[in-house]
Amino acid sequence: MEADELDALRFADPADQRAGLLALRPPNGGTNWWLGVVQHVTLGATGPGTPETERRAWAELAVAALETALETGGLDDREVATREARLCLALAPGDRPQTLLPDRAARRCLDLVGVSPPRSPRRPGRCGPRTSR
């Protein structure tokens, strides 16, 4: 994995991010390669050293990496859904991409275990959006 190339991809549009991720993937790039990419870009989105002005671009690339990995079979539904949910919780609302919505992330996780939102347990204060770091 080339960190510099991933860094540059965060400024690309979604279609170019997907194409760039696929071009970077080595011929034998399976699950471990995708996990390395996702870890790198997620750290860019959530890491303490990332400037606030760059978090959203990193988060957009993280979502693109997760969705591309899912589409290509590099990661399964459970891995992608739980990582998107954790990313959603880790980001302040203003840093989240428009495609990373808390309700959508929660619904994907609930769908994996066959639970509908009205049947899910509620824990006030445990799943709300993060408002400060």
Side-chain angles (χ1 to χ4, degrees):
M1 174 179 54
E2 296 293 327
D4 291 341
E5 290 170 312
L6 286 173
D7 293 351
L9 275 180
R10 66 191 155 119
F11 300 112
D13 66 50
D16 288 341
Q17 285 180 340
R18 183 182 188 286
L21 289 164
L22 293 173
L24 288 174
R25 184 177 63 168
N28 61 348
T31 299
N32 286 335
W33 185 82
W34 282 110
L35 289 172
V37 168
V38 168
Q39 183 175 357
H40 178 80
V41 297
T42 299
L43 182 60
T46 62
T50 303
E52 293 294 321
T53 56
E54 296 180 17
R55 288 188 187 282
R56 187 176 184 120
W58 280 114
E60 289 171 351
L61 183 55
V63 171
L66 287 164
E67 294 298 327
T68 303
L70 179 64
E71 291 169 14
T72 62
L75 296 176
D76 64 20
D77 290 338
R78 185 173 308 259
E79 189 72 36
V80 171
T82 57
R83 286 182 180 268
E84 283 186 353
R86 284 193 299 266
L87 181 61
C88 190
L89 287 173
L91 293 169
D95 294 334
R96 288 185 199 127
Q98 292 179 342
T99 58
L100 189 63
L101 302 172
D103 288 347
R104 179 178 171 260
R107 187 171 306 276
R108 272 180 95 169
C109 289
L110 291 171
D111 287 347
L112 288 172
V113 295
V115 176
S116 64
R119 292 184 44 220
S120 63
R122 295 186 186 263
R123 293 185 180 179
R126 298 264 317 209
C127 295
R130 204 171 190 190
T131 56
S132 65
R133 293 197 194 284

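For this chain, numbers begin at 1 and follow the sequence in order.
Side-chain contact between Leu89 and Arg86: absent, with no pair of heavy atoms (C-beta onward) separated by less than 4.5 Å. When side chains are defined from C-beta on, Pro14 does not count as touching Glu60, because their heavy atoms never get closer than 4.5 Å. Looking only at side-chain heavy atoms (C-beta outward), Cys88 and Arg104 stay at 4.5 Å or farther from each other. Residues Leu100 and Arg56 are not in side-chain contact: their nearest non-hydrogen atoms beyond the backbone lie 4.5 Å or more apart. Between Thr72 and Arg25, some side-chain heavy-atom pair lies under the 4.5 Å cut-off.
When atom types are taken as modelled, the side chain of Thr31 and the backbone of Leu75 share no donor-acceptor pair closer than 3.5 angstrom. Of the possible polar contacts, one joining the Arg55 side chain to the Gly47 backbone as a donor-acceptor pair under 3.5 Å is found. Judged by distance alone, with hydrogens and angles left aside, the side-chain atoms of Arg18 form no donor-acceptor pair with the main-chain N or O of Ala64 at under 3.5 Å. Not one N or O on the side chain of Thr50 forms a donor-acceptor pair closer than 3.5 Å with the backbone of Thr46.
Of the options Val80, Val37, Leu21, a side chain to side chain contact (heavy atoms under 4.5 Å, CB included) to Thr68 is made by Leu21 and by none of the others.
We find that Arg10 and Glu54 are joined by a salt bridge, their nearest charged nitrogen and carboxylate oxygen being less than 4.0 Å apart.
In this structure, CG on Leu87 lies 11.5 Å from OG1 on Thr82, to the nearest 0.5 angstrom. Atom CH2 of Trp34 sits about 15.0 Å away from atom CD of Gln39, to the nearest 0.5 Å. Distance CG/Leu101 to CZ/Arg108: 11.5 Å, rounded to 0.5 Å.
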For this session: Might you work through the side chain to side chain contact (heavy atoms under 4.5 Å, CB included) test for Leu24 and Leu9, ending with a clear yes or no?
Result: CA-CA 11 Å; Leu24 288 174; Leu9 275 180; 3.9 Å; yes
For this session: For side chain to side chain contact (heavy atoms under 4.5 Å, CB included), just list the numbers for Trp58 and Asp95, CA-CA rounded to whole Å, side-chain angles, deciding distance to a tenth of an Å, and then say yes or no.
Result: CA-CA 9 Å; Trp58 280 114; Asp95 294 334; over 6 Å; no
For this session: Start with the C-alpha gap between Val38 and Glu79, add the side-chain angles, then the distance that decides, and say whether side chain to side chain contact (heavy atoms under 4.5 Å, CB included) holds.
Result: CA-CA 11 Å; Val38 168; Glu79 189 72 36; over 6 Å; no
For this session: Show your working on side chain to side chain contact (heavy atoms under 4.5 Å, CB included) between Val63 and Gln98 and close with a plain yes or no.
Result: CA-CA 10 Å; Val63 171; Gln98 292 179 342; over 6 Å; no
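Looking at every heavy atom in both residues, Ala85 comes nearest to Ala105 through CA-CB, 3.9 Å. When every heavy atom of Val41 is checked against every heavy atom of Ala65, the shortest pair comes out as CG2-CB, 4.4 Å. Across every non-hydrogen atom of Leu61 and Leu6, the tightest pair is CD2-O, 3.3 Å. Residue Leu91 comes nearest to Ala45 through the heavy atom pair CD2-O, 3.5 Å, listed as atom of the first residue, atom of the second, then distance.
In the displayed structure, Asp103 atom CG is contacted under 6.0 Å by at most 12 heavy atoms of other residues, nucleotides or ligands. Taking a 6.0 Å sphere around CD of Glu71, one finds it holds more than 12 heavy atoms contributed by other residues, nucleotides or ligands.
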